[in-house]
Undergrad: 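Input: one structure, supplied below.
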Amino acid sequence: MFVKSFYLILPFILFFTFCSEQTPVPEEKLILVYTDLMFAQDTASVNSKNVDSLKTEVFNRHEITEEDYQKTLEYYNESPE
């Protein structure tokens with residue numbers, strides 16, 4: 001009896017586990033951060049400012065870490081839909 005119940009419940013557990021996977025950075029915020037990083041790179045090429053310091057400023061402004069940003073990019077690269 002337990003085995004039958006387990007096989008009936010397992011698909012629901014898997015479904016909710018995979019569907020509830022969250023990215024560290026929400027999509028709307030990711031777009032803003034990505035845009036700001038592109039502007040920072042352009043600014044660094046025009047000015048003598050260091051790209052790394054500009055990236056740090058962008059992450060601080062949006063209150064995220066570079067690690068969270070990278071994890072989010074990896075998530076979207078693995079599941080582009």
Side-chain angles (χ1 to χ4, degrees):
M1 177 103 177
F2 174 75
V3 174
K4 282 185 178 181
S5 319
F6 178 75
Y7 285 117
L8 289 173
I9 295 173
L10 182 63
F12 291 106
I13 293 171
L14 292 174
F15 174 78
F16 286 112
T17 301
F18 289 112
C19 289
S20 65
E21 187 175 332
Q22 295 287 324
T23 59
V25 180
E27 184 177 357
E28 297 80 23
K29 187 179 249 189
L30 177 69
I31 293 168
L32 295 173
V33 172
Y34 184 79
T35 304
D36 284 352
L37 287 173
M38 292 301 107
F39 284 128
Q41 286 179 343
D42 289 344
T43 301
S45 66
V46 172
N47 295 342
S48 60
K49 267 194 146 178
N50 185 349
V51 176
D52 291 332
S53 67
L54 290 172
K55 283 173 59 174
T56 302
E57 287 178 31
V58 169
F59 293 134
N60 289 339
R61 182 178 331 131
H62 291 283
E63 299 176 344
I64 66 168
T65 64
E66 186 169 3
E67 182 180 327
D68 285 343
Y69 177 76
Q70 292 300 329
K71 285 181 185 177
T72 304
L73 288 181
E74 288 171 14
Y75 169 80
Y76 283 117
N77 284 331
E78 291 173 2
S79 43
E81 65 278 346

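Side-chain atoms are counted along with the backbone in the values below, which use heavy atoms only and exclude waters and symmetry mates.
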Undergrad: Any pair with a residue in residues 62-71 that passes salt bridge (charged side-chain N to carboxylate O under 4.0 Å, His left out), sequence neighbours left out, goes on the list, sorted by first then second residue, please.
TA: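 Only Lys55-Glu66, Glu67-Lys71 qualify under salt bridge (charged side-chain N to carboxylate O under 4.0 Å, His left out).
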Undergrad: Name every donor-acceptor pair, under 3.5 Å, that has one atom in a side chain of residues 32-40 and the other anywhere in the protein, sequence neighbours excluded.
TA:
from, atom 1, to, atom 2, distance (Å)
Thr35, OG1, Ile31, O, 2.8
Asp36, OD2, Arg61, NH1, 3.0
Asp36, OD2, His62, NE2, 2.6

Undergrad: Might you point out which heavy atoms bring Val25 and Tyr69 nearest each other, and give the distance in Å?
TA: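 It is CG2-N, 4.2 Å.
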